[in-house]
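Note that the structure is a prediction, hence the values are computed from the model and not measured. Every number for a ligand or one of its atoms is a count from 1 in the order of the listing. Each residue takes its place number in the sequence, starting with 1.
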Amino acid sequence: MDSVGVAAAAPDAGPGPAWQSKCPWGAPSTTSISCSLADVMSEQLAKELQLEEENAAFPEVVAAAEGPFITGENIDTSSDLMLAQMLQMEFDREYDAQLRREEKKINGDSKVSISFENYRKVHPYDSDSSEDEVDWQDTRHDPYRADKPTTTPKRGFIGKGKDITTKHDEVVCGRKNTARMENFAPEFQVGDGIGMDLKLSNQVFNALKQHAYSEERRSARLHEKKEHSTAEKAVDPKTRLLLYKMVNSGMLETITGCISTGKESVVFHAYGGKSATEDKVIPPECAIKVFKTTLNEFKNRDKYIKDDYRFKDRFSKLNPRKIIRMWAEKEMHNLTRMQNAGIPCPQVVILKKHVLVMSFIGQDQVPAPKLKDVTLSNEDMKKAYYQILNMMQQLYRECNLVHADLSEYNMLWHDGKVWLIDVSQSVEPTHPHGLEFLFRDCRNVSQFFQKGGVAEALNERELFNAVSGLNITADNEVDFQAEIEALEKMNEDHVQNHGKKLSTFSSDGDPPIYDE
Ligand code: ADP
Ligand code: MN
């Protein structure tokens, strides 16, 4: 096609549609792309057509892309949809369970077995077996939790004598089948028999179910395509559902938009709502940290958690999705410890799977600046330095923690003081690499303040000793590091020999203090 500059032809190169400029989840509006008019026309047409198609297949995905705000107002129209999505998850799980049973039946004791893995709806990594954890800590009734279906007990019958009803009873079974029909996908037309005393025979039910499966699979494939394209920008449907639930329950008033997209997490701002319980107060503004469920990014973080004895037993048994939840859990525990020690840091509001809600450091939707982005007066810089020195000591001694990612990127300047954030990777000092992490933290802090002109700033080795109370005398980095590693090794050997680690390190020549 011939290339005519379209920027000039466009009526005015102003911002895009209103929702786009307001939309914090939307891409920034780009201007003047130079291509032919015909190109634009056809592209637009193609987009429209695609949108129409998607609208028909997945209204929810498109709606989410265009309506980034999760508020009390727009929740009503979408809650049915959310409900449908939850049912969908249940349905998928049931379907997979059925597949597994079939697989088992077919394979029996045979040495050669076939696998239905490819037919499963829920990929093992996706499996969201929420049954195995305490969920939705809010004690308030969760309107989306399906009431537990009444089931026939394990022994397979109810009642006594001639009143015995088994699970094969035609009437019971028929009613159950009708009820289960509700679990079919939302798009699946089952008529309005639900609610009547319909009794579907097993045969009819199974045929229906079969049909529902194939319909579902067809749309799931479409869905997947769409999902991959948006997952990077916003959040996956399950997370969206969690967020909706928080707004729906009234705990959050509005989720206004994204304040940070990192490699491992996305952080949103929200206005707090009302707590279900009297004793808990939701902060007026909240930060929602969503740990990314794309697994690759977390692989290189294994060493933080794998060796953390608090999580060790569980680590080996978990699938990657659960490990990511553990990061969120770690952040919650660490923040709580810090809060208890009086260290300025976000206050935990609620943890729900891989989503952590905490108080917002900042005001009116504007997050407090990172230390790296703020220009402080000499006086404030010095004040910040001493505050951090103090916080590092408190963290080590009172919280028994090493931040492990401490730098000007994870310290915010707010209300005339420094606030620590991002503590999901923080470990206890006796973690096999705890002291190395501490040394790295010290190096970052020293360098930042020395460059920032704080003459009093200790060098990294002095700072390390000041924080840990250890007395490593090496006067150069290499030897210092070697001593740190020797201490860590001593601790590890102790673990090997005694099955438990030292409670503290000591390098004063005294025997190490054991926690008996
Ligand atoms: P990451 O692992 O992506 O670095 P962080 O916890 O550091 O995650 O959060 C990323 C960014 O989000 C921070 O640099 C900060 O700007 C913002 N942020 C995180 N938590 C809060 C909070 N409680 N209040 C205000 N801003 C926050
Ligand atoms: Mn960070």
Decide whether Ser407 and Asn410 meet the rule of one side-chain donor and one side-chain acceptor closer than 3.5 Å.
no
Option nearest atom 16 (O) of ligand 1 (shortest heavy-atom distance, choices Lys370, Gln365, His269, Met411):
Lys370
Contact check: Asn410 to the Mn ion (ligand 2), N/O/S below 2.8 Å:
yes
Atoms in ligand 1 flagged as close to Phe360, the criterion being non-hydrogen separation under 4.0 Å:
24 (N), 25 (C)
Side chain, backbone, both or neither: which applies to Ile421 and ligand 1 if a contact is any heavy-atom pair less than 4.0 Å apart?
side chain
Take atom NZ in Lys489; do more than 12 heavy atoms of anything else shown fall under 6.0 Å from it?
no
Using a strict cut-off of 4.0 Å, indicate which atoms of ligand 1 neighbour a heavy atom of Lys289.
2 (O), 5 (P), 6 (O), 8 (O)
Any nitrogen or oxygen of Ile361, main chain or side chain, under 3.5 Å from a nitrogen or oxygen of ligand 1?
yes
Donor-acceptor contact below 3.5 Å, side chain Gln394 vs main chain Ala341
yes
May I ask whether Gly362 has any heavy atom positioned less than 4.0 angstrom from an atom of ligand 1?
no
Could you list the atoms of ligand 1 found under 4.0 angstrom from a heavy atom of Ala287?
21 (C), 22 (C), 23 (N), 24 (N)
Could you walk me through whether Val290 and His354 pass the side chain to side chain contact (heavy atoms under 4.5 Å, CB included) check?
CA-CA 6 Å; Val290 177; His354 59 291; 3.9 Å; yes
Determine the interplanar angle of the His269 and Phe360 rings, folded into 0 to 90°, and report it as parallel if under 30°, tilted if 30 to 60°, perpendicular if over 60°.
perpendicular
With Glu331 as partner, the option from Arg337, Arg325, Lys289 fulfilling salt bridge (Lys or Arg N to Asp or Glu O under 4.0 Å) is Lys289
Check each atom of ligand 1 against the heavy atoms of Pro346 and keep those under 4.0 Å away; list them by number with element.
23 (N)
So, is Glu264 polar-close to ligand 1, with some N/O to N/O distance under 3.5 Å?
no
I need the atoms of ligand 1 closer than 4.0 Å to a non-hydrogen atom of Asn410, numbered in the order shown.
7 (O)
Does any N/O atom on Ser359 come nearer than 3.5 Å to any N/O atom on ligand 1?
yes
Taking the six-membered ring of Phe439, is NZ or CZ of Arg443 closer than 6.0 Å to its centre and within 45° of its axis?
yes
Shortest non-hydrogen contact between Asn491 and Thr430, atoms and distance:
ND2-O, 3.1 Å
Give a yes or no on whether the backbone of His403 and the side-chain of Ser426 come within a donor-acceptor separation of less than 3.5 Å.
yes
Does any N, O or S atom in Asp405 come within less than 2.8 Å of the Mn ion (ligand 2)?
no
Report yes if some N/O of Lys263 lies less than 3.5 Å from some N/O of ligand 1; otherwise report no.
no
For ligand 1, which atoms, with element, lie under 4.0 Å from some heavy atom of Met358?
20 (N), 23 (N)
